[in-house]
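What follows is a single structure, written as structure tokens, with notes after it.
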Amino acid sequence: DLPAQGLNRELKIAFEIAPVFKDDDPIQFVPNEADFKQFLSGFVAETVDKLSRITRLIDTKDLRQHFFLQPDARSLANVLDSHAPFADTLARLNAVATRDFGDAADKARIFEPCRVVLHFLTREWPEVHAQWQQRVQEKVGSDKILTEADIRRYITKVKRSQQDLHKLASRHVGALTLYIAPLTADFQAKLDGVLGDIKNCLLLLAQR
């Protein structure tokens, strides 16, 4: 039947959504649930409109002359407006979207290491780096000068963060794919930048 066919088609399609982290807020998705449902609604409406144009072709002059009896070319959109199974399919697809986004929120917890890395990149490291740039200027023997232990500790921290990110992979939830690769690639590049900052501080320290 039509509802079953609609659900079967939906289950064969994977829509990518990207997890987004902001401070300590719950994980969000792009597109979010509301935007995703709006996309589905627009996609269905556009498809129905395109199919309706086929029936309108029958009324054109070039085709009418080939019919002995003029067929009743009803608009598909008008037919579906009063077609209860079609309306039921749309409602069920929306219900599936609600379910999948709910499940995605639970499954996305596996990506929490990204929040830790984000905090490190946006809050911790900028402050530490600014302090290090001052500390490498301290006199040799000062208890304020940057030490090898400080440098090793942050190299280890960055390497561990990169390993944690490397373990993360996209996850499938119903018709959705939690696409994490662009975010982890961005974080990996920024962590490489941190290693570059550490190297520069080490070189400055070695020149003292």
Side-chain angles (χ1 to χ4, degrees), residues 13-40 97-208:
I13 300 175
F15 296 93
E16 292 180 350
I17 60 175
V20 176
F21 299 85
K22 183 179 179 181
D23 300 326
D24 296 324
D25 296 341
I27 296 176
Q28 303 295 316
F29 300 108
V30 176
N32 59 31
E33 182 179 342
D35 290 340
F36 179 76
K37 288 181 177 179
Q38 186 175 7
F39 162 77
L40 278 182
T98 298
R99 180 202 66 197
D100 287 351
F101 268 88
D103 292 344
D106 290 333
K107 203 159 191 177
R109 293 174 185 171
I110 196 173
F111 299 136
E112 280 297 325
C114 290
R115 191 189 301 278
V116 177
V117 174
L118 178 63
H119 182 276
F120 172 76
L121 290 170
T122 60
R123 296 185 182 180
E124 181 179 353
W125 177 244
E127 294 181 7
V128 171
H129 188 212
Q131 293 172 6
W132 281 18
Q133 290 177 312
Q134 295 295 322
R135 293 177 63 189
V136 294
Q137 304 300 326
E138 295 288 342
K139 294 181 179 180
V140 175
S142 169
D143 59 358
K144 294 182 180 180
I145 194 169
L146 188 63
T147 66
E148 182 181 345
D150 295 325
I151 293 173
R152 286 184 180 278
R153 179 159 53 89
Y154 270 87
I155 289 177
T156 299
K157 188 168 188 174
V158 171
K159 291 292 186 180
R160 185 179 297 117
S161 294
Q162 289 184 317
Q163 290 172 0
D164 290 341
L165 292 175
H166 185 70
K167 296 175 184 177
L168 301 180
S170 297
R171 294 288 188 273
H172 298 289
V173 183
L176 306 176
T177 296
L178 303 181
Y179 192 43
I180 197 66
L183 183 62
T184 55
D186 178 59
F187 284 176
Q188 292 281 20
K190 290 177 178 177
L191 288 171
D192 285 339
V194 172
L195 290 176
D197 292 339
I198 294 174
K199 180 180 178 181
N200 290 335
C201 289
L202 182 60
L203 290 175
L204 289 173
L205 190 63
Q207 294 170 2
R208 298 299 307 276

Any side-chain heavy-atom pair of R153 and K157 under 4.5 Å: no
Over 12 foreign heavy atoms within 6.0 Å of CD, E112: yes
Atom pair OH (Y154) and CD1 (I198), whose distance is rounded to the nearest 0.5 Å: 9.0 Å
Separation of K167 NZ from I110 CD1 (nearest 0.5 Å): 11.0 Å
Lys/Arg N to Asp/Glu carboxylate O, D186 vs K190, below 4.0 Å: yes
Non-hydrogen atoms of S170 and Y179 that approach each other most closely: OG-CD1, 3.4 Å
Minimal non-hydrogen separation, V158 against V194, with atom names: CG2-CG1, 3.7 Å
Heavy-atom check, side chain of L191 versus side chain of F120, under 4.5 Å: yes
Parallel, tilted or perpendicular: rings of F36 and F39 (30°, 60°): tilted
Flag, side chain of D100 to backbone of A175, donor-acceptor distance under 3.5 Å: yes
Nearest atoms (heavy-atom pairs only) where P126 meets T122: CG-O, 3.7 Å
Pair Q162-H166, side-chain contact (heavy atoms from CB on, under 4.5 Å): steps then yes or no: CA-CA 6 Å; Q162 289 184 317; H166 185 70; over 6 Å; no
Nearest atoms (heavy-atom pairs only) where E33 meets F101: N-CE2, 3.5 Å
Rounded distance (nearest 0.5 Å) linking atom CG of L183 with atom CD of Q188: 10.5 Å
Derivation of the side-chain contact (heavy atoms from CB on, under 4.5 Å) call for I151 and L205: CA-CA 10 Å; I151 293 173; L205 190 63; 4.1 Å; yes
Worked verdict on D197 versus W125 for side-chain hydrogen bond (donor to acceptor under 3.5 Å, both in side chains): CA-CA 10 Å; D197 292 339; W125 177 244; 3.2 Å; yes
Sub-4.5 Å side-chain heavy-atom contact between V117 and D164: no
Side-chain donor/acceptor of S142 to backbone N/O of K144, under 3.5 Å: yes
Criterion side-chain contact (heavy atoms from CB on, under 4.5 Å) on T177 and H172, from CA distance to verdict: CA-CA 4 Å; T177 296; H172 298 289; 3.0 Å; yes
Electrostatic pair D23-R123, nearest N-O below 4.0 angstrom: yes
Minimal non-hydrogen separation, I180 against A169, with atom names: CG2-C, 3.7 Å
Contact summary for L146 and C201, nearest pair of heavy atoms: CD2-CB, 4.1 Å
Heavy-atom side-chain proximity of V128 to E124 below 4.5 angstrom: yes
D143/E138 under side-chain contact (heavy atoms from CB on, under 4.5 Å): CA gap, chis, key distance, verdict: CA-CA 9 Å; D143 59 358; E138 295 288 342; over 6 Å; no
Flag, side chain of R109 to backbone of I27, donor-acceptor distance under 3.5 Å: no
Non-hydrogen side-chain atoms of L40 and F15 separated by less than 4.5 Å: yes
Validation row: L178, I17 side chains within 4.5 angstrom (heavy atoms): yes
Straight-line distance of C114 SG to L168 CG, nearest 0.5 Å: 5.0 Å
Sub-4.5 Å side-chain heavy-atom contact between Q38 and D35: yes
Positive for side-chain contact (heavy atoms from CB on, under 4.5 Å) with W132, one of L202, L204, D150: D150
